[in-house]
Asks: 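Before anything else, here's the structure in question.
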Amino acid sequence: MIEEKRKEATGVLLQNGHIVLPDRTYVGDLRIRDGIIAETGHLEPEEGERTLDCSGCYVLPGGIETHTHLQLESMGTVTADDFETGTRAALYGGTTTVLDFATQFHGESMAEGLARWHKKAENNCYIDYGFHMALTEWNADLKCEIASIVDGGISSFKIYMAYKNNMMLQEDEIYDALSETKRLGATVGFHCENGLLIDVLVKEAKARGNTLPWYHQWTRPPVFEEEAITRLETVNALLHADHYVVHLSTADGLNAALKARSSGIEVVLETCPQYLLLDNTRYGTEMSEDFEAAKYIMSPPLRDKRHQEPLWDGLAGGDIQFVGTDHCSFNYRGQKEMGLGDFSKIPNGAPGIELRLLLLYTYGVEKGRMDISRYSEVTSTNAAKYFGLYPKKGILLPGSDADIVVLDPKPEWQVTSDLLHENCDYTPYEGFYMKGSVRDVFLRGQQKIASGKLAKDVRDGQYLKRGRPLKDIM
Ligand code: URP
Ligand code: ZN
Ligand code: ZN
């Protein structure tokens, strides 16, 4: 025991792994000492050093999850995962940093919203964490507050172009907000849909007695995303402020963003596994009485399959920069069921935090859509850069935090929600074939997952004060 403790203090040598860097992968060793990566290369064990054989496995930077809603109060309920269960599930899945959306509700200052989020997260996280600040309204007081929020280590905000009367901001407000974030060197993520027209269609559907879950996606067609991105980029043609599109779900939205880029606007893009892998057949048909469709009610909704390959191509080819899950879990029983008889009352969102890395590995790398270096960029490095965490996070370089995933590419298995650690009574990926497993995870040099099991049940995740976006990811 004493000997083990002494070895842990001395360090750990990961041996013979496929070390993944942005520009190459090589078989070698990685030395962890005092919580950071001490060196990489072809290394001999030092006196008293613990060694871990990583032959046949990838050694990757810990995953960075860019988009979660943990313990979020929404639509009359609270998301099923809080910071404890959500970050534990993330850890099992190889994610070592999470960026959650702290939310300022109506009438609140951002400082009040942020203080509540700090309280939710403090001493409850298994992994390191930071916050984006989500705005639900706009006024002069909030504008004045942005500088102090940025000072508190929050260099990214979220603005909704959907959820009228609840969270939606319009172009004049967006212009004003972006002017201020630009002045302060922060970025803003945009939820791109047409909130005004969604409202019209929801009212129309309900007036006709169309209340089944299928109608959720009928009220939010792909063209609303394309239109909202085009509208957003009109504002950015005037301002050229740092911004990105969250949870991009359509090929048409991607094309709108690429058009803006070709005119010199630097728009960064995030997509999610659900838009790459699930499609709108999950909603059945407009006659389907099967309420199971509620499990897939999220905004934006799942799309026609035709959108998937363009999104994969965008991700692999460099047009889309990173992948977050928009993990926003509600149990089917008791929560999704709040919308029985009225699709507009089904809480929006689905779980996904635990499977992000392995879904992307199986359907991205194993299926030959991207190589392992691009995989580590879109699951970790690019997010670290864009969200002001690089090179502390997101790369296997000497001096970086030793946040490391050892991914074994060999196991084949099938997803069932019983195997997962998310606090939700279903997974949208039930039955999915998977290749690979997260064998070991280190957070700042501490081994948290060993052979797929929780090695230490401690919630010592640290709050990350973040800096300005780095933009060499496009
Ligand atoms: O349906 C979703 N995605 N709910 C979470 C809020 C959002 O728009 O990201
Ligand atoms: Zn959103
Ligand atoms: Zn979201």
Side-chain angles (χ1 to χ4, degrees), residues 35-36 62-74 77-105 107-136 142 145-158 186 189 324-329 349 351 353-354 356 383-384 387-389 392-394 401-403 421-424 441-449 454-467:
I36 61 167
I64 300 181
E65 160 70 274
T66 56
H67 192 145
T68 65
H69 302 277
L70 299 172
Q71 208 179 326
L72 172 71
E73 301 84 353
S74 173
T77 186
V78 184
T79 51
D81 277 295
D82 58 16
F83 281 85
E84 179 180 341
T85 63
T87 61
R88 188 171 52 218
L91 181 63
Y92 274 103
T95 288
T96 51
T97 294
V98 64
L99 299 177
D100 192 75
F101 285 92
T103 302
Q104 164 274 331
F105 291 118
E108 266 187 340
S109 64
M110 280 191 262
E112 284 165 336
L114 184 57
R116 274 188 304 113
W117 247 262
H118 272 297
K119 216 163 148 202
K120 292 177 195 204
E122 206 177 349
N123 300 322
N124 278 325
C125 291
Y126 284 84
I127 60 177
D128 287 352
Y129 63 98
F131 301 125
H132 314 281
M133 188 81 226
L135 288 157
T136 61
L142 291 170
E145 250 197 299
I146 288 197
S148 65
I149 299 297
V150 172
D151 275 351
I154 289 157
S155 51
S156 47
F157 294 77
K158 179 172 182 183
T325 62
D326 198 4
H327 179 91
C328 188
S329 58
I353 199 168
E354 187 164 351
R356 187 180 67 108
F387 293 112
L389 294 168
K392 179 178 166 66
K393 306 286 189 192
D401 281 1
D403 293 355
H421 304 85
E422 295 165 347
N423 187 36
C424 195
V441 184
F442 291 82
L443 175 70
R444 285 177 275 102
Q446 295 289 316
Q447 187 160 10
K448 299 291 185 177
I449 299 285
L454 198 60
K456 286 194 187 104
D457 199 348
V458 279
R459 286 169 272 161
D460 57 357
Q462 293 179 354
Y463 173 64
L464 298 166
K465 273 186 108 173
R466 299 182 291 110

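Atoms considered below: every heavy atom in the structure, side chains included; atoms not considered: hydrogens, waters and symmetry mates. Predicted model, so just to flag it, every value in this text is computed and none were measured.
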Asks: Within the 4.5 Å heavy-atom criterion, are Glu122 and Tyr463 side-chain neighbours or not?
Replies: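 Side chain of Glu122 against side chain of Tyr463, heavy atoms only: no contact under 4.5 Å found.
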Asks: Which residue in the set Thr325, Asp100, Asp326, Thr79 passes side-chain hydrogen bond (donor to acceptor under 3.5 Å, both in side chains) when paired with Thr68?
Replies: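 Exactly one candidate clears the test, Asp100.
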Asks: At their closest point, which heavy atom of Gly86 faces which heavy atom of Leu70, and how far apart are they?
Replies: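 Of all heavy-atom pairs spanning Gly86 and Leu70, the closest is CA-CD2, 3.9 Å.
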Asks: Would you give the length of the straight line joining atom CE of Met110 to atom CH2 of Trp117, rounded to the nearest 0.5 angstrom?
Replies: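 Reported to 0.5 Å precision, the distance equals 14.0 Å.
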Asks: Between Lys456 and Gln446, what is the shortest heavy-atom contact and its length?
Replies: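 Shortest heavy-atom separation between Lys456 and Gln446 comes out as NZ-OE1, 3.1 Å.
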Asks: Give me the one residue out of Ile146, Ile149, Leu464 that meets side-chain contact (heavy atoms from CB on, under 4.5 Å) with Ile154.
Replies: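 Testing each of Ile146, Ile149, Leu464 against Ile154, the sole residue satisfying side-chain contact (heavy atoms from CB on, under 4.5 Å) is Ile149.
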Asks: Mind checking the CE-OG spacing from Met133 to Ser155? Nearest 0.5 Å is all I need.
Replies: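 Here the rounded value is 13.5 Å.
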Asks: What residue among Asp460, Thr95, Asp457 forms side-chain hydrogen bond (donor to acceptor under 3.5 Å, both in side chains) with Tyr126?
Replies: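 Considering Asp460, Thr95, Asp457, a side-chain hydrogen bond (donor to acceptor under 3.5 Å, both in side chains) with Tyr126 is found only for Asp457.
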Asks: Give a yes or no answer on whether the side chain of Asn423 reaches the backbone of Ala80 with a donor-acceptor pair at less than 3.5 Å.
Replies: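 The answer is yes, because a donor-acceptor pair under 3.5 Å joins these two groups.
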Asks: Please identify each residue that fulfils side-chain contact (heavy atoms from CB on, under 4.5 Å) with Ala111, with sequence neighbours left out.
Replies: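 Residues passing side-chain contact (heavy atoms from CB on, under 4.5 Å) with Ala111: Ser109, Glu145.
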Asks: To check you understand the geometry: which heavy-atom pair defines the closest contact between Gly394 and Ala384, and what is its length?
Replies: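 Result for this residue pair: CA-CB, 3.8 Å.
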Asks: Give a yes or no answer on whether the side chain of Glu354 reaches the backbone of Tyr92 with a donor-acceptor pair at less than 3.5 Å.
Replies: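 No: the side chain of Glu354 does not pair with the backbone of Tyr92.
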Asks: Is it the case that the side chain of Asp401 and the backbone of Asp403 share a donor-acceptor pair, with hydrogens and angles ignored and the cut-off at 3.5 Å?
Replies: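 Side chain of Asp401 to backbone of Asp403: no pair is present.
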Asks: Examine distances only and state if a side-chain atom of His67 and a backbone atom of Gly324 form a donor-acceptor pair shorter than 3.5 Å.
Replies: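 Not at all, since once roles are kept as given, no pair shorter than 3.5 Å links the two residues.
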Asks: What heavy-atom pair brings His132 and Thr66 nearest, and what distance separates the two atoms?
Replies: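 Minimum heavy-atom separation between His132 and Thr66: NE2-O, 2.8 Å.
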Asks: Nearest 0.5 Å please: distance from the CZ atom of Arg116 over to the CD atom of Gln104.
Replies: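 Separation between the atoms: 9.5 Å.
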Asks: How many angstroms lie between NZ in Lys158 and OG1 in Thr136, if you round to the nearest 0.5 Å?
Replies: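 Result: 12.0 Å between the selected atoms.
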Asks: Rounded to the nearest 0.5 Å, what's the gap from OG1 on Thr85 to NE2 on His421? Could you check?
Replies: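 The OG1 atom of Thr85 sits 12.0 Å away from the NE2 atom of His421.
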Asks: Can you sort out the partners of Ser74 under side-chain contact (heavy atoms from CB on, under 4.5 Å), two or more places apart, ordered by chain and number?
Replies: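 Listed in chain order: Leu72, Phe330.
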Asks: Between Phe131 and Leu114, what is the shortest heavy-atom contact and its length?
Replies: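 Smallest heavy-atom distance, with atoms named: CD1-CD1, 3.8 Å.
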Asks: Could you tell me which non-hydrogen atom of Leu142 sits nearest to which non-hydrogen atom of Glu108, and how far apart they are?
Replies: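 Scanning both residues completely, I find the closest heavy atoms to be CD2-O, 4.0 Å.
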Asks: Just verifying a value: how many Å separate Ile127 CD1 and Thr96 OG1, rounded to the nearest 0.5 Å?
Replies: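 The CD1 atom of Ile127 sits 6.5 Å away from the OG1 atom of Thr96.
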Asks: Evaluate side chain to side chain donor-acceptor pair (under 3.5 Å) for Arg459 paired with Thr87, printing each intermediate quantity in order.
Replies: CA-CA 9 Å; Arg459 286 169 272 161; Thr87 61; over 6 Å; no
